[in-house]
Amino acid sequence: MGQYTAPLRDMQFVLHELLGVEAELQAMPRHAEVDADTINQVLEEAGKFCAEVVFPLNQTGDREGCTFHGDGVVTAPSGFKQAYRQYVEAGWPALACDPDYGGQGLPILVNNALFEMLNSASQAWTMYPGLSHGAYEALHAHGTQELRDRYLPKLVSGEWTGTMCLTEPHCGTDLGILRTKAEPAGDGSYLLTGTKIFISAGEHDLAENIIHLVLARLPDAPQGTKGISLFVVPKFIPDADGKPGERNGIRCGSIEHKMGIHGNATCVMNLDGARGWLVGEPNKGLNAMFVMMNAARLGVGMQGLGLTEVAYQNSLAYAKERLQMRSLTGVKAPDKPADPIIVHPDVRRMLLTQKAYAEGGRAFSYWTALQIDRELSHPDEAVRKQAGDLVALLTPVIKAFLTDNAFQSTNEGMQVFGGHGYIAEWGMEQYVRDARINMIYEGTNTIQALDLLGRKILGDMGAKMKAFGKLVQQFVEEEGTNEAMQEFVNPLADLGDKVQKLTMEIGMKAMGNPDEVGAAAVPYLRVVGHLVFAYFWARMAKIALDKQDSGDKFYVAKLATARFYFARLLPETASQIRMARAGAASLMALDAELF
């Protein structure tokens with residue numbers, strides 16, 4: 001069945017030693033009373049819940065899957081509903097929500113850490129409450145007061161869950177060509193007709209009501225994305241007492257049979273005159289939906305981090321126990337017929353790759369969550385603006401880089417297990433299957449790369465990227481004369497210079513041929529991802545260097561992992577830069593009919 005233990009020591013290192021969150025939160029009146037002890041206690045309890053309640057359902061849920069009973073009825077795997085009830089009773093859905101609607105008002109950062117652990121425990125189960133939080137955020141930001149009063153308390157409590165309905169059979173990322181229609185009903189509501197596909201958690205038996213956020217077109221709406229509106233479409237229309245009432249005209253027509261995440265119902269949703277209510281302004285639905293989409297993209301990054309961590313824990317435990325051959329430098333376990341495979345250099349390479357990507361991803365994603373808290377809650381407008389720009393810049397990197405790394409890391413974990421990794425009972429092949437979807441949904445990683453390079457960087461002449469570059473430059477200057485830090489600072493500074501030059505080169509090429517952006521985007525995102533990781537690994541190395549003689553072996557391990565990252569993973573940037581510079585010519589020269 002495998003194992004999972006919340007990595008509380010490393011989480012606390014990132015929160016308190018790297019980010020100094022207590023001081024950061026004290027600068028935000030909304031969170032000024034949140035101290036380190038409170039955060040630690042919350043995360044300890046969350047870790048227990050994830051390990052003891054959710055994790056045991058991961059493999060069984062994968063094997064059983066969801067069941068479609070016809071007539072729109074879907075049940076989740078055995079145990080999922082009971083675990084969700086415990087989740088609700090413990091108050092976890094309300095953790096970072098607005099107290100005006102029953103929330104606990106804790107920082108987004110704390111909620112982010114919770115969802116790392118939940119995703120390690122079971123990505124498929126976690127998608128049910130995860131999507132609900134995105135629906136909460138979209139309605140909280142753009143819903144009328146009436147809609148907020150009607151739906152937010154139920155979403156905050158977890159009594160009702162939420163989804164987002166974007167994709168249609170003929171369009172995925174290109175939402176400008178969606179066909180779902182919304183006709184005014186004459187009473188302030190609208191009647192929606194159309195079909196949505198790939199709707200995660202679209203139908204299930206965990207909650208008494210499901211709140212769908214649906215993109216559709218009003219009559220005479222402009223073509224393209226400028227003609228899309230957003231509607232809230234409940235499964236059951238709330239009655240005067242706020243309880244589930246009339247069954248609405250939105251039903252699950254079938255569920256998908258998938259490569260992974262079997263425990264989550266991926267639904268075809270048919271709308272046949274379903275009643276909905278407008279969220280935000282007419283024809284500006286994407287503005288409202290992007291609140292949910294960006295939350296989902298950050299959430300998918302956390303799915304990648306969660307899988308990286310749990311795959312690492314299990315492959316590490318296996319590597320310490322599995323006996324195969326002898327060490328090349330001599331027998332290490334003379335009392336046994338062979339040495340544990342952790343003595344072999346390439347097994348260590350695989351384990352350290354997982355460890356470096358997990359710990360680097362944790363630092364990066366927690367820092368980003370802190371920037372969201374600063375954007376939402378800091379009293380200084382300039383600080384809010386800077387934090388918002390950094391979040392906008394790095395959201396596609398969180399989504400794509402962490403999920404790319406997760407697929408590599410889960411594959412490395414399966415490889416550590418050898419033939420046993422390919423066998424279902426060990427659980428490793430499930431992590432590979434589950435990790436694969438994260439590179440596809442919520443905008444494929446290529447879409448994220450195009451967003452990063454085309455919109456976030458070239459779109460504002462590199463202003464947001466320069467802001468992050470200043471953080472890197474400041475750290476380099478602070479540590480430039482520290483001899484012990486040269487092995488980390490020098491490659492960080494060198495990569496920062498190369499990214500600046502690469503960005504300018506691509507920008508110049510793109511002025512003559514827009515395909516240059518498409519050709520360079522994916523390797524460019526990998527390079528930027530490593531720049532971000534190098535920055536955080538250098539900062540973590542600084543802390544570890546200062547405390548390596550403290551007697552706490554945690555810092556010795558942290559420093560060794562930092563050295564591995566700079567020696568073995570960062571060099572990937574050399575090949576990625578060459579690919580980004582190679583241009584569009586070799587990709588576009590061959591006529592389509594000659595493929």
Side-chain angles (χ1 to χ4, degrees), residues 71-75 81 84-85 87-89 91-94 97-105 128-129 131-165 180-194 196 199 201-216 218-219 229-252 267 269-282 285 288-289 291-292:
D71 194 29
V73 178
V74 176
T75 54
K81 184 175 182 178
Y84 185 75
R85 185 180 299 120
Y87 181 79
V88 170
E89 290 172 352
W92 293 116
C97 295
D98 188 340
D100 288 346
Y101 300 99
Q104 298 175 36
Y128 294 102
L131 287 160
S132 299
H133 194 77
Y136 157 83
E137 290 189 353
L139 283 171
H140 189 270
H142 291 280
T144 63
Q145 190 61 52
E146 181 182 359
L147 290 179
R148 290 199 294 265
D149 290 342
R150 183 181 302 167
Y151 293 109
L152 290 187
K154 297 292 189 179
L155 287 170
V156 168
S157 69
E159 294 172 78
W160 298 354
T161 61
T163 77
M164 58 178 183
C165 299
T180 300
K181 297 179 180 180
E183 300 280 349
D187 60 357
S189 68
Y190 296 80
L191 300 179
L192 280 73
T193 303
K196 301 288 184 176
I199 308 306
E203 180 57 48
H204 55 79
D205 60 338
L206 272 61
E208 63 180 10
N209 203 0
I210 303 173
I211 310 306
H212 304 280
L213 291 184
V214 183
L215 290 179
L218 293 167
S229 299
L230 180 64
F231 301 86
V232 57
V233 182
K235 175 181 175 180
F236 294 101
I237 298 171
D239 61 20
D241 297 323
K243 297 180 180 179
E246 175 190 352
R247 181 69 164 91
N248 206 354
I250 180 169
R251 291 179 182 271
C252 175
C267 301
M269 300 301 297
N270 296 318
L271 297 98
D272 185 10
R275 290 182 66 193
W277 287 262
L278 187 67
V279 178
E281 297 181 40
M289 183 57 87
V291 173
M292 192 170 186

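Residues: numbered from 1 along the sequence shown. Quick note: numbers below take in every heavy atom, side chains included, and nothing from hydrogens, waters or symmetry partners.
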Task: Closest approach of Cys252 to Val74 (non-hydrogen atoms, all atoms of both residues) - done: SG-CG2, 3.9 Å
Open item on the list: Apply side chain to side chain contact (heavy atoms under 4.5 Å, CB included) to residues Ser229 and Leu278 and explain how you reach the verdict.
Closed with: CA-CA 7 Å; Ser229 299; Leu278 187 67; 3.8 Å; yes
Open item on the list: My understanding is that only residues two or more places apart in sequence, or in another chain, count here; which of them pass side-chain contact (heavy atoms from CB on, under 4.5 Å) with Leu131?
Closed with: Ser200, Ala201
Open item on the list: For the CG atom of Asn270 and the CZ atom of Arg251, what is their distance to the nearest 0.5 Å?
Closed with: 10.5 Å
Task: Heavy-atom side-chain proximity of Tyr87 to Pro129 below 4.5 angstrom - done: yes
TODO: Could you tell me whether the side chain of Lys181 reaches within less than 4.5 Å of the side chain of Leu191, counting heavy atoms only?
DONE: no
Open item on the list: Quick one, Pro234 and Ile210 - any side-chain contact, counting heavy atoms below 4.5 Å?
Closed with: no
- [ ] Hey, could you give me each pair passing side chain to side chain donor-acceptor pair (under 3.5 Å) that has a residue in residues 148-158? Not counting sequence neighbours.
- [x] Tyr101-Arg148, Gln145-Arg148, Gln145-Asp149, Glu146-Arg150, Lys154-Glu159, Ser157-Glu159
Open item on the list: I need the minimum non-hydrogen distance between Pro282 and Leu218, along with the two atoms involved.
Closed with: CB-CD1, 3.6 Å
- [ ] Enumerate the residue pairs fulfilling side chain to side chain donor-acceptor pair (under 3.5 Å) with a member in residues 201-215, sequence neighbours excluded, ordered by first and then second residue.
- [x] Trp160-Glu208, Thr161-His204, Thr163-His212, Glu203-Lys235
- [ ] Might you work through the side chain to side chain contact (heavy atoms under 4.5 Å, CB included) test for Asp98 and Leu152, ending with a clear yes or no?
- [x] CA-CA 9 Å; Asp98 188 340; Leu152 290 187; over 6 Å; no
Atom pairs and distances, donor-acceptor, side-chain atoms in residues 236-245, under 3.5 Å, two or more places apart:
from	atom 1	to	atom 2	distance (Å)
Asp239	OD1	Asp241	N	2.9
Asp239	OD1	Gly242	N	3.0
Asp239	OD1	Lys243	N	2.9

Task: Heavy-atom donor-acceptor pair, Thr180 side chain to Gly194 backbone, under 3.5 Å - done: no
Open item on the list: So if I apply the side-chain contact (heavy atoms from CB on, under 4.5 Å) rule between Leu192 and each of Val233, Ile250, Asp272, which one comes out positive?
Closed with: Val233
Open item on the list: Which residues pass the ring pair (Phe, Tyr, Trp, His ring centres under 6.0 Å) test with His133, not counting sequence neighbours?
Closed with: Tyr136
- [ ] Could you walk me through whether Lys196 and Leu215 pass side chain to side chain contact (heavy atoms under 4.5 Å, CB included), step by step?
- [x] CA-CA 9 Å; Lys196 301 288 184 176; Leu215 290 179; 4.2 Å; yes
Open item on the list: Using the side-chain contact (heavy atoms from CB on, under 4.5 Å) criterion, which residues pair with Pro99? Sequence neighbours excluded.
Closed with: none
Task: side-chain contact (heavy atoms from CB on, under 4.5 Å) against Asp187, all qualifying residues, sequence neighbours excluded - done: Ala185, Ser189, Arg275
Open item on the list: Within this structure, what is the CG-OG distance for the pair Leu155 and Ser132, rounded to the nearest 0.5 Å?
Closed with: 6.5 Å
Task: Contact summary for Ala216 and Phe231, nearest pair of heavy atoms - done: CB-CE1, 3.9 Å
- [ ] Please list, chain by chain and in numerical order, all residues satisfying salt bridge (Lys or Arg N to Asp or Glu O under 4.0 Å) with Glu281, sequence neighbours excluded.
- [x] Lys284
Task: Between Tyr84 and Tyr128, ring centroids under 6.0 Å - done: no
Task: Shortest non-hydrogen contact between Cys97 and Pro93, atoms and distance - done: SG-O, 3.5 Å
- [ ] State which residues pass side-chain contact (heavy atoms from CB on, under 4.5 Å) with Ala138; sequence neighbours excluded, sorted by chain then number.
- [x] Leu213, Met292
